[in-house]
Amino acid sequence: MPELPEVETVRQGLLPVMQGARFIQVDAHRGDLRWPLPKDFAQRLEGQTVERLDRRAKYLLAYLSSGEVLIMHLGMSGSFRVAQARGIRAPGAYYHWPSRHSAHDHVEFHMSSGALISFNDPRRFGMMKLVPQAELCREPLLRALGPEPLADEFSPHMLARSCGRKQTSIKAALLDQKVVSGLGNIYVCEALHRAAVSPKRRASTIAKRSGLPNERAICLVEAIKAVLRAAIKAGGSSLRDHRRTDGALGDFQHEFCVYDRAGEPCPRAGCGGIIKRIVQAGRSTFFCPVCQK
DNA sequence: CCGCGGGCCTGAGAGC
DNA sequence: TGCTCTCAGGCCCGCG
């Protein structure tokens with residue numbers, strides 16, 4: 001489920017209760033996530049303060065006072081929920097928290113901020129991992145990630161360079177986290193529509209023979225940034241699983257132009273096309289065959 | 001190295 | 001009502 005805007009929405013929801021707060025108690029009800037949690041997972045967190053909560057692509061990174069970093073990923077169906085204690089709670093009062101966690105609340109953080117943070121993930125494609133901060137740059141999960149799409153370094157020049165020799169479709173290339181990180185199926189479809197670029201086009205055709213970006217690369221970079229910014233502003237897209245940390249739905253699904261809209265008219269003014277669904281590299285692509293060239 | 005397809009899981013929805 | 005089938009927002013791995 002969660003792509004960059006959903007993960008960023010979650011980060012913003014966790015920030016006030018997690019950053020600067022200490023793990024008082026950690027309950028790992030189920031350790032068999034994408035990869036098994038280490039046996040001493042709770043012990044390594046308890047007593048540590050979260051000095052910073054960052055996001056890299058679709059990963060959340062909690063920098064701990066112990067010098068370790070807690071890496072978290074939501075997989076396809078993961079979500080975080082924050083419950084806040086009412087009023088000031090005495091030290092130790094967390095023991096009396098009405099803990100009625102549901103079947104898929106696999107990990108719970110009791111924070112010194114008074115918040116109970118629950119990680120819920122029915123499909124268990126999500127993950128949590130602890131690594132020493134000094135080894136973060138060598139972490140295999142993060143090392144190969146391409147640029148952050150909202151950073152200035154993600155430019156038409158850079159996109160053209162990474163797509164220049166790719167034989168695959170531009171759709172598949174943009175889903176490749178080494179090309180640009182944080183995009184998933186929804187936002188790739190939406191960005192391609194916004195840029196009026198066909199998902200079937202060969203990735204290399206957004207670069208000139210010289211390797212420099214052409215007009216399509218310029219439009220694509222602009223479209224990717226614009227779609228992501230709008231989606232973050234809307235709190236992400238809720239199809240089935242994504243929730244903000246207060247349980248509210250995101251709103252961006254109402255602004256989809258093509259995703260999950262097969263058979264509907266293209267919303268581009270004067271286009272008149274009908275949104276089509278095709279399968280590329282085993283995944284659904286939604287696009288307008290009339291205006292996306 | 002590259003690109004594709006399978007696999008990991010559960011749940012929702014469609015069709016019978 | 002209930003069964004079976006398909007599909008889902010991600011990512012790793014092995015194959016050709």
Side-chain angles (χ1 to χ4, degrees), chain A residues 1-10 29-37 55-60 71-80 102-107 119-129 139-146 149 162-193 199-204 224 227-228 231-232 234-244 249-263 277-286:
Chain A
M1 146 206 137
E3 305 180 32
L4 187 152
E6 289 74 37
V7 178
E8 179 59 24
T9 299
V10 169
H29 303 294
R30 270 196 91 140
D32 56 338
L33 304 181
R34 175 75 193 255
W35 295 291
L37 292 178
R55 179 189 56 73
R56 172 74 174 105
K58 302 172 193 172
Y59 293 90
L60 290 170
I71 305 175
M72 298 173 279
H73 194 285
L74 300 173
M76 286 282 264
S77 60
S79 63
F80 281 96
S102 78
H104 299 302
D105 285 343
H106 306 311
V107 179
F119 175 66
N120 183 284
D121 185 8
R123 293 174 73 178
R124 305 205 309 284
F125 289 172
M127 55 133 307
M128 292 193 189
K129 185 175 180 181
E139 169 55 42
L141 294 170
L142 308 177
R143 203 182 38 196
L145 288 175
S162 53
C163 286
R165 275 180 296 283
K166 281 204 170 286
Q167 297 303 301
T168 191
S169 65
I170 185 67
K171 160 78 185 319
L174 294 177
L175 274 179
D176 183 346
Q177 302 295 297
K178 295 191 281 300
V179 170
V180 54
S181 63
L183 296 180
N185 210 27
I186 291 177
Y187 297 107
V188 167
C189 291
E190 292 298 315
L192 284 166
H193 178 264
K200 296 193 278 190
R201 173 175 285 287
R202 279 240 315 270
S204 58
I224 288 167
V227 165
L228 293 178
I232 290 170
S237 306
S238 293
L239 293 185
R240 50 173 58 81
D241 297 310
H242 169 63
R243 297 291 175 124
R244 307 189 205 203
L249 298 168
D251 289 319
F252 195 72
Q253 66 278 13
H254 304 303
E255 296 176 49
F256 289 170
C257 287
V258 290
Y259 187 82
D260 208 17
R261 295 205 184 282
R277 174 188 181 268
I278 60 173
V279 174
Q280 293 180 287
R283 320 215 34 203
S284 288
T285 299
F286 299 90

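Per chain, numbering begins at 1; letters A, B, ... match sequence-line order.
No side-chain heavy atom of I186(A) sits less than 4.5 Å from a side-chain heavy atom of Q253(A).
Every salt bridge (charged side-chain N to carboxylate O under 4.0 Å, His left out) that R124(A) has, sequence neighbours left out, goes to D32(A). Under the rule for a side-chain hydrogen bond (donor to acceptor under 3.5 Å, both in side chains), the partners of R201(A) that lie at least two apart in sequence or sit in another chain are T205(A). For F119(A), the ring-ring contact (aromatic ring centres under 6.0 Å, His included) partners two or more places apart in sequence, or in a different chain, are F80(A). Under the rule for a side-chain hydrogen bond (donor to acceptor under 3.5 Å, both in side chains), the partners of T285(A) that lie at least two apart in sequence or sit in another chain are K171(A), Q280(A). Shown here are the salt bridge (charged side-chain N to carboxylate O under 4.0 Å, His left out) partners of D260(A), two or more places apart in sequence or in another chain: there are none. Every residue meeting the salt bridge (charged side-chain N to carboxylate O under 4.0 Å, His left out) condition with E139(A), not counting sequence neighbours, appears here in chain and number order: K129(A). In terms of the side-chain hydrogen bond (donor to acceptor under 3.5 Å, both in side chains) criterion, K58(A) has no residue partners (sequence neighbours excluded). Here K200(A) pairs with nothing under the salt bridge (charged side-chain N to carboxylate O under 4.0 Å, His left out) rule; sequence neighbours left out.
Using a 4.0 Å heavy-atom cutoff across all strands shown, Y187(A) reaches no nucleic acid atom at all. Residue contacts shown for R277(A) are limited to sugar-phosphate atoms, with no base heavy atom under 4.0 Å away.
For L145(A) against S181(A), the heavy-atom pair with the smallest separation is CD2-CB, 4.1 Å.
Between F252(A) and Y187(A), the two ring planes are tilted [angle within 30° to 60°].
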Strictly under 4.0 angstrom, non-hydrogen atoms only: write out the protein contact profile of nucleotides 10-15 of chain B, one letter per nucleotide from the 5' end, B, S or -.
BS----
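Going from atom CD1 of I224(A) over to atom CG of L192(A) covers 7.5 Å, rounded to the nearest 0.5 Å.
Closest to the T168(A) side chain, of the nucleotides dG3(B), dG10(C), dG9(C), is dG3(B).
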Check the interface with nucleotides 14-16 of chain C: list each N/O to N/O pair with the protein under 3.5 Å, or write none.
none

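We find that D176(A) and K166(A) are joined by a salt bridge, their nearest charged nitrogen and carboxylate oxygen being less than 4.0 Å apart.
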Toss me the dot-bracket line for DNA chain C: Watson-Crick and G-U wobble, both under 3.5 Å, 5' to 3', using | for pairs to another strand and [ ] for crossers.
.|||||||.|||||||
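Non-hydrogen atoms lying under 4.0 Å from DNA chain C are contributed by Q177(A), G184(A), all within residues 169-184 of chain A.
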